[in-house]
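One structure is given below, encoded as structure tokens.
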2 protein chains.
Amino acid sequence: MDPIAKRRFKDEIFEQFARIGKALSSGRRLELLDLLAQREFSVEELAEAASLSVANCSQHLRILHAARLVSVQRDGLYARYRLAGENVLDLYLSFRRVGEERLAEVSRVVQTYLKDRSSLQAITNGELLARLKKRDVVVLDVRPEKEFRAGHIADARSIPMATLQKRLKEIPRRSTVVAYCRGPYCVFADEAVTLLRSHGYHAVRLETGFPDWKMQGLPVATGVQQ
Amino acid sequence: MDPIAKRRFKDEIFEQFARIGKALSSGRRLELLDLLAQREFSVEELAEAASLSVANCSQHLRILHAARLVSVQRDGLYARYRLAGENVLDLYLSFRRVGEERLAEVSRVVQTYLKDRSSLQAITNGELLARLKKRDVVVLDVRPEKEFRAGHIADARSIPMATLQKRLKEIPRRSTVVAYCRGPYCVFADEAVTLLRSHGYHAVRLETGFPDWKMQGLPVATGVQQ
DNA sequence: CAACTATTCAAGCAATTACTTGAATAGATG
DNA sequence: CATCTATTCAAGTAATTGCTTGAATAGTTG
């Protein structure tokens, strides 16, 4: 292969891989992927959850779709978007992990906005698994119900953060409550722990979220709670 | 946490992660990471290997450094760059794998430039490991010697592609030769297999390259060949 | 079939990015 | 200390990207 052809090959092949990097180069699109890691969403739902205009959201989804990171299914008026495969979730989670491990600013932003994060205890996936085996915790999924139904930690109960205040009596008082939500950068579980503690419960949050739990091959379920 | 603060937190935290995506959004920078996966390089060496001006190369390295994906060590006049950690290599390899699995254009570009790729056999890491245990192959590292010294497959011999023609007699004729190089998109091993076969050797290439082998925890060594 | 709804498209504008070029910086050498 | 070397910096230019806005498209409803 002559050097010019070799150079052209290199340029083209790396430009192909760069398509994925371009898709992941926007904070907006990363947030959309984070949401889609929970369940499939319509454009309108995504726009609302990520505080984007529908047109802007649609354009970001188009970019993610062009990079083959999301897939779409038409349902009447609705376009339902989801992550295009398990390997996309895997890539997203490892990408986020490298960000956490390498960028000091990640911790700094967390520290700035969630001042009390260090005082609320967080437990790891492994610690939760061990506690589940001992059956001495209540696992509380505080994501919106649709996300719960799409997939949740096995044996978790669903009480969305939005309705937790008026459903506290459903939670047994004697057990430790482990609240979880979408992931380390979702604050539903932080808010839940704060509310629960202010009512005398012993509560902690799961460090990660449902996608991490699932990707680690830990026990999951779908549908409504038993 | 009020909704406005929550929105600001989300915007800022995802923008932090987007820094990694931005760093990976350029084919140039991906090629630099691919090179740095083999060994540490000076700016000048990287510029030459990737066909970039030194100034342009320096700017791309600055972006990679700002995203904490590479680190630099000054050595007199020289700035020696390397991957900043094992997790960066891991991210790069999984990023490339998702590209391979999801982007049809990757195969198409390979097909266009390496028409004979399908006729030359490639074996997997697992197959090579099994053959090594049976001790019935010669493993040939055809990367430049400096890359070999930085790290190579255990028991591999080093004959850089550039000097293979005149060093053929060093290779035993009776064994199968498995040639490997930097990775699936490096053609040193393709060229080596073609040359070897044209001289009557039975030769194949390793599907992957040294970084994949190492990241999979397979046996490696450093320094000059024993 | 008109009106409504969800989504996408296209164009304009501002910001960002990639490369080049020449200058600046810092270390090495004789 | 002048000269050389490797690298980085800064500015200019062209291309690309992100968001908005209004229009277009396609499906649904009454």
Side-chain angles (χ1 to χ4, degrees), chain A residues 7-8 10-12 14-33 35-36 40-67 69-82 146, chain B residues 7-8 10-12 14-33 35-36 40-67 69-82 146:
Chain A
R7 178 41 41 203
R8 290 239 292 283
K10 293 279 197 170
D11 288 348
E12 282 197 39
F14 285 109
E15 210 50 47
Q16 287 306 318
F17 291 117
R19 285 168 61 193
I20 309 238
K22 287 183 207 292
L24 301 175
S25 66
S26 154
R28 302 297 192 203
R29 291 194 287 278
L30 291 174
E31 186 170 359
L32 296 178
L33 290 178
L35 288 164
L36 291 170
E40 76 172 16
F41 275 79
S42 68
V43 181
E44 208 173 35
E45 291 176 313
L46 282 170
E48 181 171 12
S51 305
L52 297 173
S53 70
V54 170
N56 195 15
C57 185
S58 178
Q59 288 189 42
H60 284 299
L61 287 168
R62 190 165 88 159
I63 292 169
L64 289 171
H65 187 264
L69 298 180
V70 302
S71 60
V72 60
Q73 194 163 23
R74 308 289 163 174
D75 175 21
L77 282 172
Y78 291 93
R80 299 197 185 288
Y81 283 87
R82 62 172 62 190
K146 270 176 141 178
Chain B
R7 176 42 40 204
R8 289 234 298 277
K10 293 279 199 175
D11 289 349
E12 284 199 36
F14 284 110
E15 210 49 47
Q16 286 305 321
F17 292 115
R19 285 167 61 192
I20 308 240
K22 286 184 206 290
L24 301 175
S25 66
S26 153
R28 301 299 192 203
R29 291 194 287 280
L30 291 175
E31 186 171 359
L32 296 179
L33 292 179
L35 289 163
L36 291 170
E40 76 171 15
F41 276 80
S42 67
V43 180
E44 208 173 35
E45 291 176 313
L46 282 170
E48 181 168 16
S51 306
L52 296 174
S53 71
V54 170
N56 196 15
C57 185
S58 179
Q59 286 189 44
H60 284 297
L61 286 168
R62 190 163 89 160
I63 293 167
L64 289 172
H65 187 262
L69 298 180
V70 301
S71 59
V72 61
Q73 194 162 22
R74 309 286 161 179
D75 176 20
L77 283 170
Y78 292 92
R80 300 198 184 287
Y81 283 86
R82 62 174 60 195
K146 270 176 142 180

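Chain A is the first sequence line, chain B the second, and so forth, proteins listed ahead of strands; every chain is numbered from 1. Below, each value reflects all heavy atoms present in this structure, side chains not excepted, and no hydrogens, waters or symmetry copies.
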Can you measure [X] atom [atom1] to [N] atom [atom2] for me and round it to whole angstrom units?
X	N	atom1	atom2	result
B:L52	C:dC19	CG	P	7 Å
A:L64	D:dG18	CG	C1'	14 Å
B:L61	C:dC19	CG	P	12 Å
B:L30	C:dT17	CG	C1'	15 Å
A:H60	C:dT8	NE2	P	13 Å
A:D11	C:dC19	CG	C1'	13 Å
B:R62	D:dA6	CZ	C1'	16 Å
A:Q73	C:dT7	CD	P	14 Å

Worksheet item: Is B:R80 atom CZ crowded by more than 12 heavy atoms from other residues, nucleotides or ligands, each under 6.0 Å away?
Response: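 Yes, enclosed.
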Item to complete: Tell me, yes or no, whether the heavy-atom count around B:R62 atom CZ, taken from other residues, nucleotides or ligands under 6.0 Å, exceeds 12.
Response: no
Practice prompt. Output yes when a side-chain donor or acceptor of A:S58 lies under 3.5 Å from a complementary backbone atom of A:A55, and no otherwise.
Written response: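 No, because the side chain of A:S58 does not come within donor-acceptor range (under 3.5 Å) of the backbone of A:A55.
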Report all interatomic pairs (protein N or O, nucleotide N or O of nucleotides 24-30 of chain C) with separations under 3.5 Å.
none

Practice prompt. Check whether any side-chain heavy atom of A:L24 lies under 4.5 Å from a side-chain heavy atom of B:L24, and answer yes or no.
Written response: no
Worksheet item: Is there a side-chain contact between B:S26 and B:L30 (heavy atoms, below 4.5 Å)?
Response: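 No, every pair of side-chain atoms sits at 4.5 Å or beyond.
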Distance below 4.0 Å between [X] side-chain N/O and [N] OP1 or OP2:
X	N	result
A:S58	C:dT7	no
B:Y78	D:dT8	no
A:R74	C:dT7	no

Practice prompt. Salt-bridge test for B:E15 and B:K10: reply yes if a basic N is under 4.0 Å from a carboxylate O, no otherwise.
Written response: no
Worksheet entry | Pair A:E40 + A:K146, salt bridge at N-O below 4.0 Å |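 A salt bridge is absent here (no side-chain N lies under 4.0 Å from a carboxylate O).
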Worksheet entry | Touch class at under 4.0 angstrom, heavy-atom based, for A:V43 against every strand present |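 Sugar-phosphate contact only - A:V43 comes under 4.0 Å of backbone atoms but never of a base.
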Fill in: Reading 5' to 3' through nucleotides 11-17 of chain D, protein heavy-atom contacts under 4.0 Å coded B for base, S for sugar-phosphate only, - for none
------S
Discussion item. Side chains of B:R29 and B:H60: any donor to acceptor distance under 3.5 Å?
Written reply: yes
Worksheet, complete the sentence: Value for CZ (B:F14) from CZ (B:R19), rounded to nearest 0.5 Å, stands at 15.5 Å
Worksheet item: Of the nucleotides D:dT7, C:dT8, C:dT21, which one has an atom closest to the side chain of B:A79?
Response: D:dT7
